[in-house]
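Shown next, in structure tokens, is the structure this report addresses.
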Amino acid sequence: MSEEFTCWEETFFLRPTVKIARGLLGALLVRDLPEGRLVGRIVETEAYLQNDPACHGVRVLPEGGTVHRHTARNATMFGPPGRAYVYFTYGNHFMFNVITQPEDVPEAVLIRAIEPLEGLDMMTRLRGMDDIYALTSGPGKLTKAFAIDRTFDGHDLCQPPLRLVQGSPVPDPQVVPATRIGISRGTDLLWRFYVRENPWVSRTSR
DNA sequence: AGAATGATCCTCT
DNA sequence: GAGGATCATTCTC
């Protein structure tokens, strides 16, 4: 029951975004609700970069190059690091990302899967199901289990009621680099990372 | 204004 | 493994 949750300094989020995606494995997501606290350990992430055709902050030119793309939806991607970028997709799901890099550089890490540690009863209620391996094993699942919606877009992740804090680092032999999921461009890049053998990882193939 | 798409999930076969 | 749900956002004309 220790209250010692430690955020990162801003410099953590100014390192290369692919390294941050790797480094966020093992980090904890702490969600405070009126009914209690939810805690989970990040086990799968993906990096999205400013020159990356799959990134929301990027437009692909007909000639094949890329430029930054500002829109209403992705505005927080151009904001300061250490904040949440939350958007709605497929008519059903919120996606939760961590913004990296200085202002005006649209890069982020998508949190794809979490291992639930605390508050599993509340997560089953929020998810409307009781299979613990299905609670948080996907980007849309974990936002529902943690009650994360678009009101958190732009939220400072060092502040309650939603915090991203340090956990136990995951050693290299346990980290699997893989291709990203559900995108139509940039599919060859190994910018997804997950914890080997962890049952909450959304997809273990490549 | 209308069409297409989407960093997904669930159910069914 | 395939297909439908479902709608906000973005793109195209």
Side-chain angles (χ1 to χ4, degrees), chain A residues 17-18 20-22 24-25 27 29 40 42-79 83-101 105-114 116 123-155 157 164 176-194 199-206:
Chain A
T17 297
V18 175
I20 298 170
R22 157 69 178 86
L24 284 178
L25 295 179
L29 195 63
I42 294 173
V43 295
E44 183 182 354
T45 60
E46 284 178 358
Y48 288 88
L49 274 58
Q50 65 166 337
N51 60 351
D52 165 14
C55 179
H56 282 181
V58 170
R59 171 191 290 273
V60 179
L61 300 170
E63 300 78 30
T66 59
V67 292
H68 287 181
R69 171 180 74 164
H70 288 258
T71 67
R73 177 177 69 168
N74 70 17
T76 61
M77 286 201 84
F78 291 86
R83 310 264 179 137
Y85 167 47
V86 181
Y87 68 91
F88 185 70
T89 191
Y90 288 110
N92 275 305
H93 309 291
F94 294 102
M95 302 286 118
F96 170 62
N97 301 253
V98 179
I99 297 300
T100 64
Q101 306 309 309
V105 180
E107 300 196 352
V109 174
L110 171 69
I111 308 303
R112 284 195 57 89
I114 280 178
M123 293 183 204
T124 60
R125 241 175 289 139
L126 286 160
R127 283 278 283 125
M129 64 158 59
D130 53 11
D131 175 0
I132 66 165
Y133 295 109
L135 278 186
T136 53
S137 53
K141 300 178 190 177
L142 71 90
T143 53
K144 192 167 184 190
F146 274 67
I148 296 170
D149 61 20
R150 207 167 46 186
T151 64
F152 282 99
D153 188 38
H155 174 75
L157 291 169
L164 177 69
V176 181
T179 54
R180 296 175 295 179
I181 293 179
I183 54 174
S184 52
R185 294 192 262 227
T187 52
D188 52 331
L189 300 164
L190 298 177
W191 287 353
R192 180 164 75 103
F193 299 93
Y194 64 85
W200 281 273
V201 170
S202 66
R203 280 187 68 191
T204 57
S205 66
R206 17 161 103 180

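Proteins come first, then strands; the chains are lettered A, B, ... in the order of their sequence lines, and each starts at number 1.
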When all nucleic acid strands are considered with a 4.0 Å heavy-atom cut-off, which category describes A:T89: base, sugar-phosphate, or nothing?
-> base
Find the distance A:H56:NE2 to B:dG6:C1' and express it as a whole number of Å.
-> 7 Å
Distance test, side-chain N/O of A:T71 to OP1/OP2 of C:dT10, below 4.0 Å = yes
Establish, for the pair A:R22 and A:F193, whether the NZ or CZ atom is under 6.0 angstrom from the six-membered ring centre and no further than 45 degrees off its axis.
-> no
Name the nucleic acid region contacted by A:G140, choosing base, sugar-phosphate or nothing; use a 4.0 angstrom heavy-atom cut-off, strictly under.
-> sugar-phosphate
Describe the nucleic acid contact of A:R150 in one word from base, sugar-phosphate, nothing, applying a heavy-atom distance below 4.0 Å.
-> sugar-phosphate
Give the ring-plane orientation class for A:H70 versus A:F78, where under 30° counts as parallel, over 60° as perpendicular and anything between as tilted.
-> parallel
Watson-Crick or G-U wobble mate for B:dC9, both contacts under 3.5 Å = C:dG4
Can you figure out which of B:dA7, C:dT6, B:dC10 approaches the side chain of A:N92 most closely?
-> C:dT6
Test item: A:T143 side-chain N/O and A:F94 main-chain N/O as donor-acceptor pair under 3.5 Å = yes
To the nearest angstrom, how far is A:R73 atom CZ from C:dC7 atom P?
-> 17 Å
To the side chain of A:H93, which of B:dA7, B:dT8, C:dT10 is closest?
-> B:dT8
Closest listed nucleotide, where the reference is the side chain of A:S184 and the choices are B:dC9, B:dA7, B:dG6 = B:dG6
Side chains of A:L189 and A:V18 in contact at under 4.5 Å (non-hydrogen atoms) = no
Can you check whether A:R185 has a side-chain N or O nearer than 4.0 Å to OP1 or OP2 of B:dA7?
-> no
Separation of A:F88 atom CZ from C:dT9 atom P, in whole Å?
-> 9 Å
With heavy atoms under 4.0 Å as the rule, sort A:S202 into base, sugar-phosphate or nothing.
-> nothing
Check the distance between B:dT8's P and A:R192's CZ and give it to me in whole angstrom.
-> 10 Å
Check the distance between B:dC10's C1' and A:D130's CG and give it to me in whole angstrom.
-> 15 Å
Distance-only, no hydrogens or angles: does the A:E46 side chain make a donor-acceptor pair with backbone N or O of A:R112 under 3.5 Å?
-> no
Euclidean distance, atom CZ of residue A:R112 to atom P of B:dT8 [Å, nearest integer] | 5 Å
If only side-chain N and O atoms of A:R127 are considered, is one of them under 4.0 Å from the OP1 or OP2 phosphate oxygen of B:dC9?
-> no
Round to a whole Å and report the spacing from CG of A:D153 to C1' of C:dT9.
-> 13 Å
Tell me, do A:T89 and A:M95 make a side-chain contact under 4.5 Å, heavy atoms counted?
-> yes
Could you work out the separation of B:dA7 and C:dT12 based on their P atoms and round it to a whole Å?
-> 16 Å
Assign A:R180 to base, sugar-phosphate, or nothing according to its heavy-atom contacts below 4.0 angstrom with the strands shown.
-> nothing
Could you tell me the separation between the CE atom of A:M77 and the C1' atom of B:dA7, rounded to a whole number of Å?
-> 10 Å
